[in-house]
Amino acid sequence: MGRRKLLTLATFNVNGIGTRLGHLLAWLEREQPDVVALQELKATDEAFPVDALEAAGYGALWHGQRSWNGVALLGRGVVPQESRRGLPGEPADRQSRYLEAAVHGILVGALYLPNGNPQPGPKFDYKLRWMRRLARHAAGLVDLPHPVVLMGDFNVIPTDGDVYDAKAWRKDALIQPEVRAAYEDLLAQGWTDALHAHCGDAAPYTFWDYFRQHAERDRGLRIDHLLLNRALAPRLVEAGVDRWVRLQQKASDHAPTWIRIAAATPAKRARKQARAAATPDKPGAPARTARRNPSA
DNA sequence: ATGTCATCAACTTGATGA
């Protein structure tokens with residue numbers, strides 16, 4: 001049997017695409033991920049650096065917002081094929097937090113879940129509502145025959161093993177029992193938390209705040225997650241966090257969090273095509289016409 | 001309880017979000 005081809009999928013909260021463009025480009029150059037979800041662009045659609053990313057070999061799809069939020073999807077050598085922007089269920093919600101597209105044969109839901117602080121309060125209520133909307137939408141994706149990943153900054157510390165000091169964070173929205181329960185309910189649909197599945201209790205942190213040299217001392221949180229649906233989970237090969245990005249000067253407070261998955265085997269592709277032919281009206285099937293980026 | 005960093009809207013500083 002020959003060496004299997006791998007795909008790298010990563011999520012990175014850049015905390016401002018304008019301030020962090022240099023960090024992002026250096027990381028893309030070094031790690032060459034195939035699919036990337038970005039959060040906290042903090043930039044309008046007009047300010048998104050599409051030219052610099054294209055020059056780096058990445059096609060992009062983005063949903064910006066002035067000052068806050070903002071999400072994007074990058075495809076190495078391809079432009080992601082959009083299937084949805086924004087979660088259903090709250091039409092008045094104008095915050096740019098969800099973008100979904102087909103990239104390299106995977107349906108990717110890229111998300112920036114509300115932080116929810118201070119808690120309790122209206123922002124925490126919004127977070128819980130947003131999690132319910134996400135769960136409702138995710139329920140329609142978990143059993144698709146097609147590979148699906150939900151990845152991004154979930155702003156959820158799943159267990160006390162995912163924080164350097166649970167007591168120090170006990171009043172924070174990221175650790176509240178209601179938030180953890182909502183995350184557990186989502187996993188119970190059949191999603192696999194890829195870093196936990198691969199690393200167990202030794203799963204690395206993905207975020208370190210700017211206080212007291214927490215990054216250098218590895219006093220962090222695991223809040224950036226990649227959830228795999230039933231079709232994709234068996235293909236998980238490796239998972240990790242590029243902590244070196246966080247240790248640079250003027251870094252984002254998050255580090256890129258990634259998985260490697262095996263490319264679909266010819267046999268699996270054939271079965272998948274047979275299933276697709278049997279159910280032609282299933283939602284979420286990716287466009288097979290992703291445009292090649294000429295610069296790649 | 002504190003700590004840091006970036007942005008915005010007012011104008012060198014303070015409120016806000018994370």
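Just so it is clear: chains get the letters A, B, ... in the order the sequence lines come, proteins before strands, and each one is counted from 1.
Residues satisfying the ring-ring contact (aromatic ring centres under 6.0 Å, His included) criterion with A:Phe207, sequence neighbours excluded, are A:His254. Take A:Trp208 and apply the ring-ring contact (aromatic ring centres under 6.0 Å, His included) test, not counting sequence neighbours, and it matches no residue.
With salt bridges taken as basic N to acidic carboxylate O contacts below 4.0 Å, one links A:Glu238 and A:Arg260.
Rounded to a whole Å, the CZ atom of A:Arg219 is 16 Å from the C1' atom of B:dT4. The separation between A:Leu41 atom CG and B:dA6 atom P is 17 Å, rounded to whole Å. Put simply, CZ on A:Arg246 is 13 Å from P on B:dT4, counting in whole angstrom units. Between A:Lys250 atom NZ and B:dC5 atom P there is a gap of 7 Å when expressed in whole angstrom units.
Around CD of A:Gln32, the count of heavy atoms belonging to other residues, nucleotides or ligands within 6.0 Å exceeds 12.
Here, B:dT16 and B:dA10 have their P atoms 14 Å apart, quoted to the whole Å. On the C1' atoms, B:dC8 is 14 Å away from B:dT12, given to the nearest whole Å. Atom P of B:dA15 sits at a distance of 16 Å from the matching atom of B:dG3, rounded to the whole Å. Between B:dC11 and B:dT7, the distance separating the two C1' atoms is 15 Å to the nearest Å.
Between A:Arg20 and A:Lys171, it is A:Lys171 whose nearest contact on DNA chain B lies nearer the 5' terminus.
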Nucleotides 7-18 of chain B: protein proximity per nucleotide (B base, S sugar-phosphate only, - neither; heavy atom, under 4.0 Å): SSS-------SS
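With A:Asn13 as the partner, the side chain to side chain donor-acceptor pair (under 3.5 Å) test is satisfied by one option alone out of A:Arg20, A:Glu40, A:Gln39: A:Glu40.
Within the 4.5 Å cutoff, the side chain of A:Ser252 has heavy atoms near those of the A:Phe12 side chain.
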